[in-house]
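Below is one structure, written out as C-alpha cells; comments come after it.
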Amino acid sequence: MLKLPTKTGSILILALVERQLVNVSISLNLTWASYSVAANLIKKNSLATELFSIIEALYEELPRDSKFEMMPLFYSPAMDSDESIYLFRTECRNATSLIFEKFLDRDGLSVETLKREFLLAHKYHYLLPLHDKIWI
C-alpha cells in the first residue's frame, strides 16, 4: 500500500472528491444553460426532471455517512455562505439545492450537520478549488 504523508493524502482525497464535484457541476451547469431559455412549461418540467436525475444519481451513489461530500456543490468551501464555486448561476444552485434538501429530509439528515461533517473530513477545504491548480 502506498503511504503518503498525512497532509498530502488529505489534499489528494479532497482533489479526488472535487473531481467528481466538477464532473457533476458541468452536467448541472450545461443542463441549466440548455433549458434556461425555455419559455414553455413542458421545457421547464423537463429541466426539473433532468436536474433531479443528476442530483439523485450522485446522492444515491454515496453511502449515508458520505453525503457531506456533496456540500461544496451548494455552499462555499468554508460552508459559510451559499455561494457555490461550482454552480455559477444562483438559480441553478437554488433549484438543485432544493432537490438535495428533499433527499436529506427523506433520510433524516440536516444541512448543518453535513456542513460540519464536511469541514471535519476536509481540513484543507480552504484550498478549494483545486482543479485549477492540479490535474488528477
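Side chains are part of it too, since the values below use all heavy atoms of this structure and drop only hydrogens, waters and symmetry mates.
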Between [X] and [Y], is there a donor-acceptor pair closer than 3.5 Å when you use the side chain of the first and the backbone of the second?
X      : Y      : value
Ser25  : Val22  : yes
Thr96  : Cys92  : yes
Lys67  : Leu62  : yes
His125 : His122 : yes

Quiz item: Is the closest side-chain heavy-atom distance between Glu18 and Tyr86 below 4.5 Å?
Solution: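 Side-chain contact under 4.5 Å: yes.
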Practice problem: Would you mind reporting whether Ser76 and Ser81 have side-chain heavy atoms less than 4.5 Å apart? | Solution: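 Heavy-atom side-chain distance check passes, below 4.5 Å.
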Practice problem: Please determine if Lys115 forms a cation-pi arrangement with Phe68, meaning its NZ or CZ atom is less than 6.0 Å from the six-membered ring centre and no more than 45° off the ring axis. | Solution: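 No, Lys115 does not sit over the ring of Phe68.
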Taking a hydrophobic cluster as the set of Ile, Leu, Val, Met, Phe, Trp and Tyr residues connected by side-chain heavy atoms closer than 4.5 Å, whether directly or through intermediates, do [X] and [Y] fall within one such cluster?
X      : Y      : result
Ile85  : Tyr124 : yes
Met70  : Leu120 : no
Val111 : Leu98  : no

Quiz item: Does CD in Glu83 sit with more than 12 non-hydrogen atoms of other residues, nucleotides or ligands closer than 6.0 Å?
Solution: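 Result for CD/Glu83: open.
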Self-check item: Sidechain N-carboxylate O distance under 4.0 Å for Glu60, Arg106
Solution: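 A salt bridge links Glu60 with Arg106.
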Exercise. Go through Tyr59 and Asp107 one step at a time and tell me if the side chain to side chain donor-acceptor pair (under 3.5 Å) criterion holds.
Key: CA-CA 11 Å; Tyr59 187 88; Asp107 293 342; 2.6 Å; yes
Practice problem: Evaluate the criterion side chain to side chain donor-acceptor pair (under 3.5 Å) for residue pair Glu50 and Ser46; output intermediate values, then yes/no. | Solution: CA-CA 6 Å; Glu50 283 196 47; Ser46 295; over 6 Å; no
